[in-house]
Novice: 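Handing you this structure, nothing more for now.
What you see is a predicted model; the values in this text were computed from it and never measured. Order of the sequence lines sets the chain letters (A, B, ...), proteins ahead of strands, with each chain counted from 1.
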Amino acid sequence: MRQIKISMSLVEQIKASAKEALKSLYPEADIPASAITVNQTKPEFTGDYTLVLFPFLKLLKTKPDVIGKQLGDYLVSHSGFVASYDIVAGFLNLTMTDAYWATFLSGKYNDGKYGEQAAKGKNVMVEYSSPNTNKPLHFGHLRNNFLGYAVSGILKVNGNNVTKANLVNDRGIHICKSMVAWKHYADGATPQSTGVKGDHLVGDYYVKFNDVYKQQVAELVSGGMDEALAEKKAPIMKEAQDMLRAWEAGDKETVDLWKTMNGWVYEGFDVTYKRLGIDFDKMYYESDTYLLGKEVVLKGLEKGVLFKKEDGSIWVNLEDEGLDQKLLLRADGTSVYMTQDIGTAILKYNDFNLDKSVYVIADEQNYHMQVLQLVLKKLGEPCADTIHHLSYGMVELPTGRMKSREGTVVDADDMIAEMIAMAQQQTEEAGKTEGFTQDELKELYETIGLGALKFYLLRVDPKKKMIFDPKESIDLHGFTATFIQYAHARICSILRKEGVDRHTATFPGFNLTQELAPAEKALILWLEHYPDVMQASADEYNPSLLCNYTFQLAQQFNSFYDVHSISKAENEEKKQLRMMIIMMVARVMRHAMGTMGIRLPEKM
RNA sequence: GGUCCGGUAGCUCAGCUGGAUAGAGCAGCUGCCUUCUAAGCAGCAGGCCAUUGGUUCGAAUCCAAUCCGGAUCACCA
């Protein structure tokens with residue numbers, strides 16, 4: 001009889017047993033492993049897992065009820081975990097023994113590492129957030145930040161050495177725009193003198209720049225100038241360009257102002273990141289790295305991988321790959337976006353000896369990332385093969401895209417505050433504030449509000465674009481973090497009242513003698529599935545799988561809770577069984593949500 | 001025009017490495033708090049899975065074509 005391995009997922013074990021059975025029953029036939037499919041049995045049928053028989057029929061030239069019976073009998077007598085079976089059409093529905101589930105539960109309910117993989121020794125970097133320093137974060141950036149943080153957590157749980165990196169885009173014409181406008185219109189205003197958060201203050205002057213610029217263009221056009229020319233000739237734009245040149249030349253006054261204003265932005269970002277519960281292990285600044293790619297490009301030219309045009313600009317030809325020609329270095333020798341990214345990619349690779357380099361970047365840059373990877377490959381850089389673009393869809397308003405230049409953005413800080421206020425309002429309306437201190441309430445509102453926001457942005461497949469309607473705001477019912485938090489708080493409450501420590505309690509003498517009720521078994525079955533889901537989330541860089549799983553876990557717990565009492569369980573054995581179940585449910589919930597940076601309260 | 005991504009219930013989304021009668025949440029309608037937290041549970045209603053053709057025991061899922069929506073194809077980052 002096969003030994004039950006609770007370290008191996010049940011689906012894998014069933015597949016292995018089925019393979020063994022087929023080999024024993026039909027030694028002549030060669031059935032590929034891919035022909036064996038195992039699914040969870042649909043609720044309307046009896047059984048836990050289902051083996052699909054159709055693929056075998058042709059290969060073995062038998063009827064489903066014949067092969068089903070043979071397989072079923074074999075599994076019952078040999079597998080050690082199949083109790084009974086039922087054949088419906090071409091489906092073999094298997095019911096596991098309760099002993100299997102009892103062994104699984106008592107082996108795992110107290111395992112703080114359940115769902116995690118052993119260290120793989122792989123170095124993975126996840127680059128995310130990567131803001132511009134000329135404006136505050138908006139709602140769209142939140143998706144990037146949460147995704148990056150969640151995927152980092154998932155990859156870590158999956159056994160990787162993860163470095164969270166943030167590449168700050170701190171140089172370029174955009175920051176000069178804010179600087180020019182500040183010089184002219186701020187009258188020396190600082191975050192300290194105005195009480196405005198640094199990133200917002202700088203962002204205000206970025207908007208101011210664009211207002212003035214638009215006005216100047218309009219004036220030139222009404223004076224009879226061609227619009228395209230006016231856009232180039234507007235004095236304030238010329239001033240910004242002059243400032244960029246001064247910056248690159250190292251002009252002290254310009255660099256000092258740049259440092260000061262960037263400093264304000266970083267202070268502002270720090271507050272926002274902290275509030276979001278997001279952090280980084282490594283900061284990169286484009287002002288430090290923007291020259292690095294140049295060298296590599298020049299080397300590529302020497303090697304003949306790249307080519308030079310008459311004006312002296314350097315290009316790569318990707319026509320063989322079905323793409324275009326792409327500029328890598330301007331005629332005047334200055335670098336472009338791609339040049340910087342080439343340098344940074346190599347730098348990251350060398351700094352951390354990377355096996356995988358994940359870029360969390362919106363899907364509007366799919367082409368750019370494709371080119372980046374191809375160019376690196378052409379240049380013979382090994383980092384090319386480590387790059388994975390985690391491409392996500394943009395968050396749009398019902399009216400279309402958010403544009404900070406036009407002021408049609410939902411500000412991230414405002415959104416956070418709004419979510420927390422909503423959490424407070426709903427808690428108060430529900431009359432659930434008793435027994436908390438003021439500080440505890442404050443923390444609870446943050447846990448609920450931020451949890452809802454994170455979950456809302458993570459629960460959808462990253463590659464799909466989202467439409468967010470601020471007027472409708474975000475619900476705290478249904479498919480939300482709040483729902484999961486509530487289930488968790490209920491479990492904690494039960495355990496508290498039973499005087500059981502939810503972290504350390506054990507039930508050493510437990511021995512299952514009574515049949516598992518459907519709601520009990522359903523929960524254990526779903527818990528058994530957790531490591532598979534975590535693995536899939538990592539393989540696909542997709543936190544939405546974890547969100548969906550955890551939501552269903554909470555749903556099943558709520559149904560269970562409705563039909564079975566813990567405190568008034570029929571007998572001591574049932575009580576212990578259910579306590580183990582709910583301890584494990586709470587543990588898995590905390591593990592899954594914690595991996596994505598969502599906290600679960602003990603009381604709400 | 002080329003390339004890539006999407007189109008599933010009134011709305012927001014699962015399901016897509018082919019499997020049984022396509023699932024959740026929201027919104028709508030019924031019930032359920034003297035019982036471990038009703039931010040919950042149970043139920044009703046709501047679908048030519050964009051269209052057409054193909055592949056096969058079987059297609060929302062794979063292939064092809066078409067239609068619709070989006071992104072991108074910058075000496076901006």
Novice: Between B:rC41 and A:N558, is there an OP1 or OP2 to side-chain N/O distance shorter than 4.0 Å?
Specialist: yes
Novice: Considering only the C1' atoms, how many Å lie between B:rG40 and B:rA77, rounded to the nearest integer?
Specialist: 49 Å
Novice: Choosing from B:rA20, B:rG69, B:rA39, which nucleotide comes nearest the side chain of A:K465?
Specialist: B:rG69
Novice: Are any side-chain N or O atoms of A:R330 and backbone N or O atoms of A:V336, one a donor and one an acceptor, separated by less than 3.5 Å?
Specialist: no
Novice: Name the closest nucleotide to the A:I173 side chain, picking from B:rC5, B:rU56, B:rC76.
Specialist: B:rC76
Novice: Would you classify A:F45 as touching base, sugar-phosphate or nothing, given that sugar-phosphate means primed atoms plus P, OP1 and OP2, and contacts are heavy atoms under 4.0 Å?
Specialist: base
Novice: Pick base, sugar-phosphate or nothing for A:T480, based on heavy-atom distances below 4.0 Å to the nucleic acid.
Specialist: nothing
Novice: Considering only atom P, compute the distance from B:rA60 to B:rU21 and round it to an integer number of Å.
Specialist: 11 Å
Novice: For the pair made of CD in A:Q325 and P in B:rA74, what is the distance, rounded to whole Å?
Specialist: 11 Å
Novice: Whether the side chain of A:S544 and the base of B:rA14 hold a donor-acceptor pair under 3.5 Å is what I'd like checked.
Specialist: no
Novice: In whole Å, what is the span from the CZ atom of A:R171 to the P atom of B:rC76?
Specialist: 11 Å
Novice: Could you check whether A:T427 gets within reach of a base, just the sugar-phosphate, or nothing at all, counting any heavy atom under 4.0 Å?
Specialist: base
Novice: Tell me whether the OP1 or OP2 atom of B:rC5 has a side-chain N or O from A:K464 closer than 4.0 Å.
Specialist: no
Novice: Taking for each residue the nucleotide of RNA chain B bearing the nearest heavy atom, is the 5' side occupied by A:M466 or by A:E396?
Specialist: A:M466
Novice: Would you list the pairs meeting salt bridge (charged side-chain N to carboxylate O under 4.0 Å, His left out) in which at least one residue belongs to residues 455-468 of chain A, sequence neighbours left out?
Specialist: A:D461-A:K463
Novice: Among B:rC26, B:rG19, B:rC41, which nucleotide sits nearest the side chain of A:S559?
Specialist: B:rC41
Novice: B:rC75, OP1 or OP2 - any side-chain N/O from A:S313 closer than 4.0 Å?
Specialist: no
Novice: With a non-hydrogen cut-off below 4.0 angstrom, is A:D341 in contact with a base, only sugar-phosphate, or nothing?
Specialist: nothing
Novice: Under the criterion of centre distance below 5.5 Å and interplanar angle below 30°, is A:Y561 classified as stacked on the base of B:rG40?
Specialist: no
Novice: Contact class for A:K603 vs. all strands (heavy atom < 4.0 Å): base, sugar-phosphate, or nothing?
Specialist: base
Novice: Has A:F551 got its ring stacked on B:rA24, by the test of a centre gap below 5.5 Å and a plane angle below 30°?
Specialist: no
Novice: Expressed as a whole number of Å, how far does the C1' atom of B:rA20 sit from that of B:rG10?
Specialist: 29 Å
Novice: Heavy atoms from C-beta onward define the side chain here; which of B:rA38, B:rC75, B:rU72 lies closest to that of A:D311?
Specialist: B:rC75
Novice: Quick test of your reading of the model: are A:K575 and A:E570 salt-bridged, counting only N-O distances below 4.0 Å?
Specialist: no
Novice: With rounding to the closest Å, how many angstrom separate the P atoms on B:rG18 and B:rU61?
Specialist: 12 Å
Novice: Below 6.0 angstrom between ring centroids: does that apply to A:F455 and A:F479?
Specialist: yes
Novice: Among B:rG19, B:rU37, B:rA39, find the nucleotide with the atom closest to the side chain of A:A489.
Specialist: B:rU37
Novice: Describe the nucleic acid contact of A:V52 in one word from base, sugar-phosphate, nothing, applying a heavy-atom distance below 4.0 Å.
Specialist: base
Novice: B:rA38 C1' sits how many Å from A:K432 NZ, rounded?
Specialist: 7 Å
Novice: Could you state the atom-to-atom distance from OH of A:Y392 to C1' of B:rC5 in whole Å?
Specialist: 15 Å
Novice: Which part of the nucleic acid, if any, lies within contact of A:M604, taking any heavy atom under 4.0 Å across all strands shown: a base, the sugar-phosphate backbone alone, or nothing?
Specialist: base
Novice: Need one value for A:A89: base, sugar-phosphate or nothing, where a base atom within 4.0 Å counts as base even if backbone is also close, heavy atoms only.
Specialist: nothing
Novice: Within the supplied structure, the quantity of interest is the number of heavy atoms (other residues, nucleotides, ligands) at a distance under 6.0 Å from A:E321 CD; does it exceed 12?
Specialist: yes
Novice: Between B:rU12, B:rC73, B:rA77, which nucleotide gets closest to the side-chain atoms of A:Y367?
Specialist: B:rC73
Novice: A:E428 has an atom CD; how far is it from atom C1' of B:rA39, in whole Å?
Specialist: 14 Å
Novice: Tell me which of A:T50 and A:H174 sits closer to the 5' end of RNA chain B, going by the nucleotide each one is nearest to.
Specialist: A:T50
Novice: Considering only atom P, compute the distance from B:rU34 to B:rC29 and round it to an integer number of Å.
Specialist: 24 Å
Novice: Is there a side-chain contact between A:Q552 and the phosphate of B:rG23, meaning an N or O under 4.0 Å from OP1 or OP2?
Specialist: no
Novice: Calculate the interatomic distance between A:F479 atom CZ and B:rU12 atom P; express it in whole Å.
Specialist: 15 Å
Novice: RNA chain B in dot-bracket, Watson-Crick or G-U pairs under 3.5 Å, [ ] crossing, | other strand?
Specialist: (((((((..((((.....[...)))).(((((.......))))).....(((((..]....))))))))))))....
Novice: Considering only B:rA39, B:rC73, B:rU21, which nucleotide approaches the side chain of A:E44 most closely?
Specialist: B:rU21
Novice: Looking at every heavy atom in both A:P64 and A:L53, which two are closest together, and how far apart are they?
Specialist: O-CD1, 3.5 Å
Novice: Output the single nucleotide from B:rG19, B:rA77, B:rC41 whose closest atom is nearest the side chain of A:Q340.
Specialist: B:rA77
Novice: Regarding A:D461, tell me which of base, sugar-phosphate or nothing describes its non-hydrogen contacts under 4.0 Å with the strands shown.
Specialist: sugar-phosphate
Novice: Of the options A:F56, A:F54, A:Y85, A:F45, which is the one that meets A:F91 in a ring pair (Phe, Tyr, Trp, His ring centres under 6.0 Å)?
Specialist: A:F54
Novice: Using modelled atom types and a 3.5 Å cut-off, is there a donor and acceptor pairing between side-chain atoms of A:W247 and backbone atoms of A:G172?
Specialist: no
Novice: Atom NE2 of A:H477 and atom P of B:rC13: how far apart are they, to the nearest Å?
Specialist: 20 Å
Novice: Is A:E498 touching bases, backbone alone, or none of the nucleic acid, heavy atoms closer than 4.0 Å?
Specialist: nothing
Novice: Tell me whether the OP1 or OP2 atom of B:rC41 has a side-chain N or O from A:R490 closer than 4.0 Å.
Specialist: no
Novice: Grab the NE2-P distance between A:H389 and B:rA71 for me, whole Å please.
Specialist: 16 Å
Novice: Between A:E540 and A:S537, do the side chains contain a donor N or O and an acceptor N or O under 3.5 Å apart?
Specialist: no
Novice: Pick base, sugar-phosphate or nothing for A:F54, based on heavy-atom distances below 4.0 Å to the nucleic acid.
Specialist: base
Novice: Give a yes or no on whether A:K233 atom NZ has more than 12 heavy-atom contacts from other residues, nucleotides or ligands under 6.0 Å away.
Specialist: no
Novice: From the set B:rA77, B:rA20, B:rC26, return the single nucleotide nearest to any side-chain atom of A:R330.
Specialist: B:rA77
Novice: Taking O4'-C1'-N9-C4 for purines and O4'-C1'-N1-C2 for pyrimidines, is B:rC29 syn (within 90° of 0) or anti?
Specialist: anti
Novice: Is there a donor-acceptor contact under 3.5 Å linking the side chains of A:D341 and A:H368?
Specialist: yes
Novice: A:Y486 side chain: which of B:rA77, B:rA20, B:rU37 is closest?
Specialist: B:rU37
Novice: Under 4.0 Å, counting only non-hydrogen atoms across every strand here, what does A:Q485 touch: a base, just sugar-phosphate, or nothing?
Specialist: nothing
Novice: Tell me if the centroids of the rings in A:Y206 and A:H174 come within less than 6.0 Å of each other.
Specialist: no
Novice: Quick one: the side chain of A:D562 and the base of B:rC32, do they pair up donor-acceptor inside 3.5 Å?
Specialist: no
Novice: Is A:K463 close enough to B:rC5 that one of its side-chain N or O atoms is under 4.0 Å from OP1 or OP2 there?
Specialist: no
